[in-house]
Q: 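Mind having a look at this structure? Questions to follow.
Sequence lines set the chain letters: A, B, ... in the order given, protein chains first and strands last, and positions in each chain run from 1.
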Protein chains: 2
Amino acid sequence: MNFADASSTRSVRLFEAFAAVGAPQSLSEISNLLATPLSTCHGLVKALQNGGYLYSNNVSRRHYPTRRLLQIAETIAANDPVLKYFDAHMAELRDTTEETVILGTLQKDAVVYLNVVESPHSIRYSARPGDMKPLHSSALGKLMLGESEKKVREGFLKTLPLDAVTQNTLTTPDVLRRDLEQSRDRGFYMTRGENVSEVLAMAAPVRIGGEIYGVVVAGPIGRMESKQAEIEDALTTACTRISGDFG
Amino acid sequence: MNFADASSTRSVRLFEAFAAVGAPQSLSEISNLLATPLSTCHGLVKALQNGGYLYSNNVSRRHYPTRRLLQIAETIAANDPVLKYFDAHMAELRDTTEETVILGTLQKDAVVYLNVVESPHSIRYSARPGDMKPLHSSALGKLMLGESEKKVREGFLKTLPLDAVTQNTLTTPDVLRRDLEQSRDRGFYMTRGENVSEVLAMAAPVRIGGEIYGVVVAGPIGRMESKQAEIEDALTTACTRISGDFG
DNA sequence: AAGAGTTTTTCTGTATTATGAATTTTGCCG
DNA sequence: CGGCAAAATTCATAATACAGAAAAACTCTT
């Protein structure tokens, strides 16, 4: 394979680093952060400066991004034909449940978080858009398996290594298959410490243009259990409404 | 020179393209947008997918960014030690003047827009963060020249090609030097169709940690002239307040 | 003001990546 | 359900960007 990982995504990794440290950086600091030689970083920084993405303080000689990237990212987010319709409903769901709400979909042999709206509590399920989760142990992953066509599902059940991510992970195809069937019938999927111990997650599907999306509410087991019925209710009605918006 | 332009900034150019077209794209469409071979785009898209930046619709086979980039850009913007203090004042200035307000600084031998807050009017000065403007013909550029140390200023006056960007551009060092002196004395810099005809811009300096920043109010000449005194007033008080926030 | 240390910039061989053609897969229509 | 067209993926090679070292610029201290 010929993945242009190192080079072509280095600019993105630079922005990641800026988000992580949250402060202007000198060239040598950037070199450290990216674990990349100074000369390489020099070229990259200069290129991004020319593109108007980075500016340097003439006094401190440190670099920081302009608002250009933000502007582009906002434009992209505003134009997404699917995600933008979820926004309001996800925010509402977060407000009523007071737990983290996540939108995700199937990507190759994993689930990718397309958007995350975090709980207001300081103890909360915390995640970022772009995070990937395994199919067999996460609520979203099980949703994707359960809602896929039988052929696809059985293919995954045959080939996926059902690693025991935690003690509660379902690690045999038969047990997992049964769980998927039950979940499908009742309309939502659930994990109880199967991917992250202490986390209970509930996921319901939304179909748009033939594509399967999943909305998850996730939080610490204790707090989630105490309001499980309400969450179940809020989640399923939210998903119905979202589907309705596209009807 | 060894600028890693083509390769290392290709991921950023891809996001630019997504912002421009505002819709999911197939691999071949991406190839067209970036004027880059399919195989190259394939590697790039795969790398960005692995990083959680892009997701593909399994039905339409089109790609679109997740909210990951937005999340990173927002984190970066929130942490900027300088720009975030300007935000409120720039928004207020935009509201009182009803014209586009821009923050910029000196970058090499040009001025770069760090942030742009646009006028509510449909006829307005429109620009994006990251845009570059010449030093001799833009209000911000003249501000940078006028506020720099004499040595720096004279260096620029000697070496800059004072191109006639419009008919009103000041194209001789002597005329420009006089304009800078007058502007410096009265506390703000001004262009009247010197960089873009029909545009009147007024810029006032803000000094932070030895670094010179400039705040500009720009709009169509007619509208700007009719409220020039108010704008002058609002601009200078805003800049004073911003400086105060750092005092 | 002058020197020592630090940081930035330049330079060139080498290794990695981009490329275009061939292959495979996928979607579509009869 | 099978054949065709279009798109995605792989592969070998040519081209380009990367990395390390050396030079230059800048800072800070004396």
Side-chain angles (χ1 to χ4, degrees), chain A residues 1-14 17 21 23-51 54-64 106-109 148-149 151-152 155-156 159 209-212, chain B residues 1-14 17 21 23-51 54-64 106-109 148-149 151-152 155 159 209-211:
Chain A
M1 266 192 269
N2 179 26
F3 280 177
D5 259 59
S7 172
S8 65
T9 62
R10 187 168 293 138
S11 49
V12 170
R13 297 220 316 284
L14 176 59
V21 299
Q25 301 290 307
S26 71
L27 204 53
S28 36
E29 289 169 325
I30 291 172
S31 169
N32 273 332
L33 287 171
L34 300 185
T36 300
L38 268 165
S39 48
T40 304
C41 293
H42 178 257
L44 177 64
V45 167
K46 277 282 175 284
L48 288 174
Q49 258 179 17
N50 284 334
L54 250 44
Y55 73 102
S56 63
N57 187 301
N58 301 108
V59 178
S60 70
R61 302 194 141 263
R62 279 172 216 278
H63 306 272
Y64 204 77
L106 179 66
Q107 203 70 351
K108 215 185 164 195
D109 55 358
S148 291
E149 289 170 30
K151 204 165 65 180
V152 175
F156 277 127
T159 56
E211 180 78 334
I212 306 162
Chain B
M1 265 194 270
N2 179 26
F3 280 177
D5 258 59
S7 173
S8 66
T9 62
R10 187 167 295 140
S11 49
V12 171
R13 297 220 316 283
L14 175 59
V21 298
Q25 302 290 307
S26 72
L27 204 53
S28 37
E29 289 169 325
I30 291 173
S31 170
N32 272 332
L33 287 171
L34 300 184
T36 301
L38 266 166
S39 48
T40 305
C41 293
H42 177 256
L44 176 64
V45 166
K46 276 280 174 286
L48 289 174
Q49 259 179 19
N50 284 334
L54 250 46
Y55 73 102
S56 63
N57 187 301
N58 301 109
V59 178
S60 72
R61 301 194 142 264
R62 279 172 217 280
H63 306 272
Y64 204 78
L106 181 66
Q107 203 69 352
K108 216 184 164 195
D109 56 357
S148 292
E149 291 171 28
K151 205 165 61 182
V152 175
T159 57
E211 180 78 334

Q: Using a distance-only test with no angle check, is there a side-chain donor-acceptor pair under 3.5 angstrom linking A:S7 and B:S7?
A: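 Looking only at side-chain atoms, B:S7 and A:S7 do form a donor-acceptor pair, the distance falling under 3.5 Å.
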
Q: Please tell me if A:H42 has a side-chain N or O lying less than 4.0 Å from either OP1 or OP2 of C:dT8.
A: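 For A:H42, the contact criterion (side-chain N or O under 4.0 Å from OP1 or OP2 of C:dT8) is not met.
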
Q: Would you mind reading off the distance between B:K46 atom NZ and D:dC11 atom P, rounded to a whole angstrom?
A: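 Going from NZ in B:K46 over to P in D:dC11 covers 15 Å.
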
Q: Of all residues at least two apart in sequence or in a different chain, which pass the side chain to side chain donor-acceptor pair (under 3.5 Å) check with B:Q25?
A: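 Result, side chain to side chain donor-acceptor pair (under 3.5 Å) vs B:Q25: none returned.
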
Q: Choosing from C:dA18, C:dG20, D:dC18, which nucleotide comes nearest the side chain of A:T40?
A: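 Closest nucleotide among those given: D:dC18.
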
Q: Take atom CG of A:N57 and atom C1' of C:dT8, then tell me their distance rounded to the nearest Å.
A: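 Going from CG in A:N57 over to C1' in C:dT8 covers 16 Å.
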
Q: Do A:S8 and B:S11 have side-chain N/O donor and acceptor atoms under 3.5 Å apart?
A: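 Not at all, the side chains of A:S8 and B:S11 share no donor-acceptor pair under 3.5 Å.
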
Q: Using every non-hydrogen atom in the two residues, find where A:C41 and A:S31 come nearest and quote the distance to one decimal.
A: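 For A:C41 versus A:S31, the nearest heavy atoms are SG-CA, 3.6 Å.
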
Q: Check if the side chain of A:S39 and the base of D:dA19 share a donor-acceptor pair of N or O atoms closer than 3.5 Å.
A: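 In this structure, the two groups form a donor-acceptor pair.
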
Q: Polar atoms only, N or O, under 3.5 Å: list the protein pairs with nucleotides 25-27 of chain C and their distances.
A:
| residue | atom | partner | partner atom | Å |
| --- | --- | --- | --- | --- |
| C:dT26 | O3' | B:R61 | NE | 3.4 |
| C:dG27 | OP1 | B:R61 | NE | 3.4 |

Q: Can you list every salt bridge (charged side-chain N to carboxylate O under 4.0 Å, His left out) pair that touches residues 27-40 of chain B, not counting sequence neighbours?
A: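 Listed by first then second residue: B:E29-B:R62.
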
Q: A:L27 has an atom CG; how far is it from atom P of D:dC26, in whole Å?
A: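 Value for this atom pair: 15 Å.
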
Q: Could you give the CZ-to-P distance, from A:R62 to C:dT6, as a whole number of Å?
A: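 Value for this atom pair: 15 Å.
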
Q: Using a heavy-atom cut-off of 4.0 Å across all strands, would you classify A:R10 as base, sugar-phosphate, or nothing?
A: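 A:R10: backbone/sugar contact only, no base atoms under 4.0 Å.
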
Q: Let me spell it out: for each of B:L38 and A:A35, pick the nucleotide of DNA chain D with the closest heavy atom. Which residue's pick is nearer the 5' end?
A: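 The residue whose closest nucleotide sits nearer the 5' end is B:L38.
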
Q: Between C1' on D:dT9 and CG on B:L44, what's the gap in Å once rounded to a whole number?
A: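 One finds 15 Å between C1' of D:dT9 and CG of B:L44, rounded.
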
Q: Just verifying a value: how many Å separate A:S148 OG and A:F156 CZ, rounded to the nearest 0.5 Å?
A: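 Those atoms lie 6.5 Å apart.
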
Q: Rounded to whole angstroms, how far apart are CG on A:L48 and P on D:dA17?
A: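 Rounded to the whole Å, the gap is 14 Å.
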
Q: Would you mind telling me which residue lines up with the more 5' stretch of DNA chain D, A:T36 or B:S28, judged by nearest nucleotide?
A: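 That would be B:S28.
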
Q: A:E211 side chain to B:N58 main-chain N or O, any donor-acceptor pair under 3.5 Å?
A: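 Yes: the side chain of A:E211 pairs with the backbone of B:N58.
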
